[in-house]
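Numbered from 1 within each chain, the chains take letters A, B, ... in sequence-line order.
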Protein chains: 2
Amino acid sequence: MEDKKSSSKTRAAIMEAAGKVFAEVGYSKATIRDICREAGANIAAINYHFGDKKSLYIAVLKHYQEIAFRAYPPDLGIKETQKPEEKLRAYIRSFLTRIMDDVHPAWFGRLLAREFTEPTWAFDILVEETIRPSFQLLTEIVAEIIGKNSKERIVRLCSMSIVGQCLYFRHSHPVITRLYPGESFGFKHIKESTEHISFFFFARTHRRRKEQAFRGK
Amino acid sequence: MEDKKSSSKTRAAIMEAAGKVFAEVGYSKATIRDICREAGANIAAINYHFGDKKSLYIAVLKHYQEIAFRAYPPDLGIKETQKPEEKLRAYIRSFLTRIMDDVHPAWFGRLLAREFTEPTWAFDILVEETIRPSFQLLTEIVAEIIGKNSKERIVRLCSMSIVGQCLYFRHSHPVITRLYPGESFGFKHIKESTEHISFFFFARTHRRRKEQAFRGK
DNA sequence: AGTCGTTTCAAACGATTGTTTGAATTATCT
DNA sequence: AGATAATTCAAACAATCGTTTGAAACGACT
């Protein structure tokens, strides 16, 4: 009675407003009154169109999850014939873009980054439909680079290091702006961040050379 | 009338219970009723001893901040004469221990890690009294390693990479346990994590050799 | 126009939150 | 012991939360 498509105007408006508010303040601190005011809808509209707050959150999650991965697929620009190093670079760039983008498919990046460090009850959905395939691809690329017969645990450690760096480049804003006013590591610096994280992974010798080239640019 | 020492039994009990609850569920989701039940105190005791919930949170933050850094100082085991690589290793180990430890001075690590990725209004206190000096030390060590005349931005990128990895090794629990049931990267694996993050920073050549040694252990 | 199903709305509900109150209890000191 | 201050307690307060209600407004079709 509620969960059907019911492709009304307000339903779409609520989805958009909810995504924005959820991403801004998180699930528990987001109030349906805020969402409805943002959407220009009545408070009861959420119950009518989605059932309750939880179902709304799940609907938002699933919807933007699909959009975000259509816009920035994990294998963005990766050809099977490419060198593993290039694959990793593409993966990192795609991952960073997905979690940094605040406007395009909108806010899903912030939701994803938030669930990554502080999971809600809806985390299982994300794990199975988004995180697992994405992380699986990453471990395969990493294994290609450090050697196919490396211990699984080492592959996972390396993959976690990459994910950790990407996520922190998203979360570091509040820290960085306080520590170094004027500094910024955001959406505009994805290319720089991608190169940096790749350098970290490849080797110091590599890094030295390419960093020079990058600085000269 | 409230903020004084008033070193009563219940005040200490509330501090301990509050630290535990705040670390578990975060500031906003922590209720003073939970805290008081945990401490075996009356609900009004918080207002009496601390004023309000915010002041209690600040008191907890400042108190355990001091204890945690007394237990795990950022320059733990660092001698001025040591090689920069050893300094970095010691820094990482100290940082990881501080944010991983769940029992010793207790829960401050979780609070710190939580504020790092999702700051509250009390974040400024942590930045000035804890994060800034700690991050300053890290950038100095990094600068020593990659070259004193490196660009500041590159030094900061490298430092952020290290912090990001450390924090993610703390936050990854929910993801890892779902992706690979049975796997674990916790307090018991600080040595392994320290070595891993150091490897990431130093060089692949270095890493290859030492990882073999570590695996053989 | 008139009917039926869908959608919107103002209002209220019960639950939970942080905070306050004023009396009761305990501790401290002359 | 008695007076005074400090502390604890049960109870209630006002505000906010997610959710529900029942009637009003709307839209599509005969």
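- Atom NZ of B/Lys20 has 12 or fewer neighbouring heavy atoms from other residues, nucleotides or ligands inside a 6.0 Å radius.
- Between A/Arg153 and B/Glu183 there is a salt bridge, since at least one side-chain N of the basic residue sits less than 4.0 Å from a carboxylate O of the acidic one.
- Remark: B/Arg156 is positioned above the aromatic ring of A/Tyr180, its terminal NZ or CZ atom under 6.0 angstrom from the ring centre and at most 45 degrees off the axis.
- Ion pairing between B/Glu129 and B/Lys62 holds under the 4.0 Å rule for side-chain N and carboxylate O.
- At C/dT6, none of the side-chain N or O atoms of A/His49 fall inside 4.0 Å of OP1 or OP2 (strictly under the cut-off).
- Applying the salt bridge (charged side-chain N to carboxylate O under 4.0 Å, His left out) test to A/Lys54 and every residue at least two apart in sequence or in another chain returns nothing.
- For residues 37-46 of chain B, proximity to DNA chain D is found at B/Asn42, B/Ala44, defined as any non-hydrogen atom under 4.0 angstrom from a strand atom.
- Side-chain N/O atoms of B/Asn47 include none lying less than 4.0 angstrom from OP1 or OP2 on C/dT19.
- The ring of B/Tyr168 has its center no closer than 6.0 angstrom to the ring center of A/Tyr168.
- B/Tyr27 carries B/Lys53 over the face of its six-membered ring, with the cationic atom under 6.0 Å from the centre and within 45° of the normal.
- Here the P atom of nucleotide D/dC17 and the NZ atom of A/Lys53 are 9 Å apart, to the nearest Å.
- Here the P atom of nucleotide C/dA10 and the CD1 atom of A/Ile32 are 15 Å apart, to the nearest Å.
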Could you walk me through whether A/Thr120 and A/Glu115 pass the side chain to side chain donor-acceptor pair (under 3.5 Å) check?
CA-CA 7 Å; A/Thr120 71; A/Glu115 287 280 348; 2.7 Å; yes
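- Checking the phosphate oxygens (OP1, OP2) of C/dT8, a side-chain nitrogen or oxygen of A/Thr10 falls inside 4.0 Å.
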Are there any protein N/O atoms within less than 3.5 Å of an N/O atom in nucleotides 4-6 of chain D, and if so, which ones and at what distance?
none

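- A salt bridge between A/Arg89 and A/Glu195 is present, with a side-chain N of the basic residue lying under 4.0 Å from a carboxylate O of the acidic one.
- At whole-Å resolution of the value, NZ in A/Lys29 and P in C/dT16 are 21 Å apart.
- Here the C1' atom of nucleotide D/dC17 and the OH atom of A/Tyr27 are 11 Å apart, to the nearest Å.
- To the nearest angstrom, P of D/dA11 lies 13 Å from CZ of B/Arg33.
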